[in-house]
Each structure stands twice: as C-alpha cells, then as structure tokens.
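This report refers to the structure that appears directly beneath it.
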Amino acid sequence: MSVLALSSDDTLLILKLAFLVLLYGFIVLIVRSATKDLGGAPQESIVLGAPEAAALRAQYAPATARFVVLDGPGLERGSTVEVTASAIVGRGPESGVSIDGDEFASAQHARIEASPDGVWIEDLGSTNGTFVNGARVSAKRVLQPGDVVRVGETELQLQK
Amino acid sequence: MTPRNRELAALFVAAGVAGAALSTVTIEVSHRAAGYGAVFAALYLCAHVVVRRTVPYADGGLLPLAALMTAIGLTTITRLDPQDGGRQALWVVIGVAVFAATLILLRDDYRVLESYRYLFGVAAVVLLLLPSLPAIGERINGARLWVHVGPLQVQPGELAKIFLILFLAGYLREKREVLAQGRLKDFGPLLAIWGAAMLVIVQTNDLGSALLNFGIFLAMLYVATGRALYVAAGAGLFAAGSAFLYEALAHVQERVTIWLHPWTDERVYCALNGKLEYRQDCASYQLVKSLYSIANGGFGGTGIGKGTFTSTDGTQLIPYLRTDFIYSAIAQELGLIGAAALLLLYMVFVVRGMRIALRAEDGFSKLLAAGLTFGFALQTFIIVGGVLRVVPLTGITLPFVSYGGTSIVANFLLLAGLLLVSNRANYPK
C-alpha cells in the first residue's frame, strides 16, 4: 500500500465529517433562503386570507368626517374640510388640514381621527389650546355632529 | 434567484449529504447502497422538473427537505438490512410518482377538493376502522393497524390522516362563523368526531393515531375560530375520555406503566411468558433497549455502520427498529449532533409549512396548509417523544424516514398539498 492511500478508517472519518458539515450547511441554506422566498409582510390573520381581510376592513372602513369652516383666516368661510382616517390640523406644511394664515395656531395643533366608533379630537400640546364648544380639550375626546372645534382663530363645525 | 433555482441548489447539497452517508454504508455494509443513491438522485431530479413545470412559484425548501429526510431514512434502513433498503427505495419511487401525479392532476386548482369534503370525511372514518374488520385486518403488537391487500401490507391510518385534514379544511371553512359564535347545537358534528376518536382507540388499540387525529382536529378548530377555549375544552374532553379508557383497557394501562416505570428492582408478572421477570426484560424491553441505543451514540455517534443493533449471537436487540424506533438507530450512529440536525430538518419543514398557511389567501387553503403542517409536526413529536420517553410510546411512523410504504406515500401527498397551496399563494398577481 502506498503512503498516500487512505486507510479505510480515515476515509470513513472524512465521510462522517463531510456528512455533518454538509447536513448543517443544508439547514443554514434552507433557513437563509426562507427569508428571501417570502416577499411581503406576513398577514395579520391566519384565518382570513388577504381578500377576506380586505373585505372586512372595507366593512369597518375608516369613516370620513366632514367639517364646515365657520370662521378663520386660513380657510375660506363656508367651505368644507374632509378628514379621512386621521389628519393633523396646524400651520405646518405636513398638516392634513392646513391653516397657514392662522397666527394663533401651532404648527401641529390638534389631531382629528375619523374611526368606525366616532370622530375623535386630541390636542397636540398647542400653545393656545384646542376648544370644543368653548371647552378646552385636555384629553382625547369624541365629537358629536354639530360640535364646533376652535383651533387658533379657526372654527370648524362637524357635519353629520 | 427564483424559488426553483434555490430548490435545485439545495437538492445538490442534499445529494452531497446523501452521498456521504450512502458511501459509508457502501464501504461498511453493502455495495447496494451506491445503486440506491444513484436511483435516488435521478428520482429527485425528475421530481424537481415536475415541480418546475406544474407549481413554479411554490416554496423551494420543502422538496429538498423531504429528499434529505428520505435519504437519511433510506441510508439507515439499508445499513440495518440491505434488502429492506431496496424495498424502501422502491416505495420512495412510488411516493415520488404519486407526488408528481398529484401535482399534475391538481395544478390548475386544487380547491375543487373542497367540494368533496364529506366524501373525504367518510373515507377517513372507513380507513380508520378498516383494520378492525376481522377478514382483512391484522393485529400486530397489540394494535390493529394493518390491512392485507394481496401481497401488500397497507396501513390505512396514514392515508386517513390526509383525508381527515381535507375534510376538516372544507368543513371548518364553511362553518367557521357559526362555530366561532359558540352555540351548542353547532357542535354536534364535532362531538361526533370526538366520539369517533374514542371509538378508534377502543376498536384498534391504536393510541398514537387517535392522539394524532384528535390533535389535528383541535389545531384546525383553533385556526378556524381563533378560540383557545375550544382547544382547552377539547383537550379536557380527550383527557377525560383517556382517563376512562385507562381504567377500562389493560393495553392503555400497560403503555403508561412502561412509560413511567420502565425499570423495576423486583421481578413482576410478565404477560408475555407468564413468569416473574424484571420489567426491563419483559414489557418495557423494547423501550429500554432503545434508550441504551441512544445513550451508546453519545455526542458524536458511533459512525454509520458501527452501531450495535444485534447481540453477540446475532439476534436483533430492538424489535421494530426500522419503523417505530428508527430514531434511536439514527441517534446511536449519528449521535446527538446528527439526531439534533434531523430534528432541525423537521422544524424547518414545519416553519415553512406554517409560513405557507399564513400567506395563503383563502380559508380552505389556509386550513389545509395549517392542518397538513400541524399533522406532520405532531406525528414527529409523538414518535420521537415516545422513543425519548417524553410521552407514552405509541407506534407511529417518523415521517419520510421510517420504513413503510403507506407512510412514505401519505407524506408525499402531504408535500404535494403544501406545494400546491404555496404555488397559489405566491402566484404573481
């Protein structure tokens, strides 16, 4: 037997190591590819498929709240402002309801949320405060149709 | 890379693992192993081509995982008995053929199966009760699991599992809303299923399959309704039923005694030969020898072909080593490091199956994928847990690895189902 020839035991040892290295390599390969195969985020529900979940969401779709402008320097009096889902009222450029001309409003003054359980308003720490029917908003509260919201010098009335 | 190219790459790595294992068997035991390896590689290449043509968007990890599991099973069986290895290789060929046929038949829309749900339900019950018919059923090792069809031994319970999942996926999708409301009258059919599970235990003495099928039912009920209370109530019912059966059936009592007290210091009555024997030499002989086998493997294993499975006079130490106890053979020769890798393969398979269920778009597909995956996971847990003495041991096969034709075919059907659901979920919109 030549010096280079492997003994049977050496061959078996090499095969055993190759087996284990390849086996764990295989597991790593499969686990890593798992993250690549799956584009998109997992869905919120295991019971409902994406179309079914979308149908349910449509059923409970975020309501749209409509306000009429009673007064205010930044908006045309008598015009309508619509809020779908959520919007920030303020002078800032990213505000959903922009009242740029109102000197007494903060950049991010208040947030209006239209949800299936009602229209909610929340003061975002504004300098001059947010008022509903003359009462200052201290915590997030729900609005009834006809309520008048005052932000700075702007007054908005919630429609049905 | 597309899922199919990743699948091909993973199949090559799996072929490398199988090659290393089968080369060892070729050197140590039999030259037949090399031939089985060649057949095996060609076979999965064909399966890959079929998958590429029929379900191009399906998950790319499952087929290589199944390939590697069958390779490990085939290696171990060939090492124990080269002739059985040949039979197992033949069954893997049949399994892959059934897999390919299922993909080709159902490639357009597998959801037509939903309209046959009650047919599947009836078929599942008939298959489960078939072995208890005296004419064709056969009792092996205390449990009636087998049916003789000509020269073939068939284990109908394995196929019943797939049919039951198809039935439950269709039925629960239809009744999901009313079940979630929790009115008592809607639970009639579900109580009937519980009754059937208990009946199967009494009729066939097959605890493993009753536990498996009832577990699948509870998991799918939870997936469909999202109510943990139902699972708790169902588990309670099963526990109460099992407690009653424990009192009533000696077979069940013996299984629990073997599980809790496999060793005795004194000789106790042995039902097998009617004498007084230590329990480790009688009722729990099989389990105890299997535990010794696992312990003998240690961390690194003895190496394939070097394990001890026969006593010095050549008799086999562990009965049913190729089927129920194949895990302890693998754990001895591959050691903790290899057995842990095998369990990791199962875990990755289950994780991918559940991801498929999450991504599926309709209720039937979700329930089907979740049920198939959970059944696969629970079956693995029941048999590995039984061999490791975590739960009472019940004879059931280790998916894709154990020796047994029906089991291989049923698991390839399961794999085809998961790939079909996955293909539909990933289909580009």
Side-chain angles (χ1 to χ4, degrees), chain A residues 1-63 84-85 113 115-118, chain B residues 1-3 6-7 9-10 13-14 16-21 23-24 27-28 59-62 64-65 68 72 176 180 223-226 300-301 303-306 334-335 337-338 341-342 344-345 347-349 351-352 354-367 370 422 425-426:
Chain A
M1 191 188 272
S2 79
V3 189
L4 284 172
L6 291 166
S7 76
S8 170
D9 276 355
D10 289 342
T11 315
L12 288 173
L13 183 66
I14 290 166
L15 282 173
K16 185 175 172 178
L17 290 176
F19 173 80
L20 284 173
V21 168
L22 283 170
L23 182 53
Y24 277 92
F26 176 85
I27 292 168
V28 170
L29 182 73
I30 296 280
V31 170
R32 286 188 59 165
S33 74
T35 49
K36 292 174 188 153
D37 272 352
L38 300 159
Q43 293 160 19
E44 66 263 64
S45 158
I46 191 164
V47 186
L48 298 173
E52 288 172 299
L56 262 187
R57 263 199 300 277
Q59 196 182 331
Y60 297 106
T84 303
E113 276 178 36
S115 67
D117 60 342
Chain B
M1 257 210 290
T2 65
R6 266 199 288 281
E7 180 177 276
V13 180
V17 182
S23 305
T24 313
I27 294 169
E28 290 270 311
D59 184 293
L62 291 177
L65 280 166
L68 192 45
I72 291 174
R176 193 177 69 214
V223 170
T225 62
I304 295 170
K306 291 195 165 67
L334 302 183
I337 190 166
L342 179 65
L344 274 174
L345 293 181
M347 204 170 87
V348 175
F349 190 99
V351 168
R352 300 199 81 134
M354 283 298 172
R355 292 293 289 265
I356 290 172
L358 275 169
R359 283 182 59 81
E361 305 216 319
D362 58 291
F364 177 72
S365 304
K366 272 179 185 296
L367 283 163
S422 173
N426 292 343

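Excluded from the calculations below are hydrogen atoms, water molecules and symmetry mates; all remaining heavy atoms, backbone and side chain alike, are included.
- In this structure, chain B has heavy atoms under 4.5 Å from both the backbone and the side chain of A:L15.
- Heavy atoms closer than 4.5 Å to chain A are found in both the backbone and the side chain of B:I337.
- Looking at B:L342, neither its backbone nor its side chain comes within 4.5 Å of chain A, counting heavy atoms on both sides.
- The choice from A:L23, A:L13, A:L17 that makes the most heavy-atom pairs within less than 4.5 Å of chain B is A:L23.
- Counting only distance, with no hydrogens or angles, the side chain of B:R355 and the backbone of B:D59 share no donor-acceptor pair below 3.5 Å.
- Residues B:A370 and B:V223 share a closest heavy-atom pair of CB-CG2, 4.2 Å.
- If you measure heavy-atom distances from A:F19 to chain B, the contacts under 4.5 Å come from both the backbone and the side chain.
- The distance from atom CG of B:L345 to atom CZ of B:F349, rounded to the nearest 0.5 Å, is 10.5 Å.
- When all heavy atoms of A:L29 and B:A10 are compared, the closest pair comes out as CD2-CA, 3.7 Å.
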Give the intermediate values and the outcome of side-chain contact (heavy atoms from CB on, under 4.5 Å) for residues A:I30 and B:R352. CA-CA 10 Å; A:I30 296 280; B:R352 300 199 81 134; 3.3 Å; yes
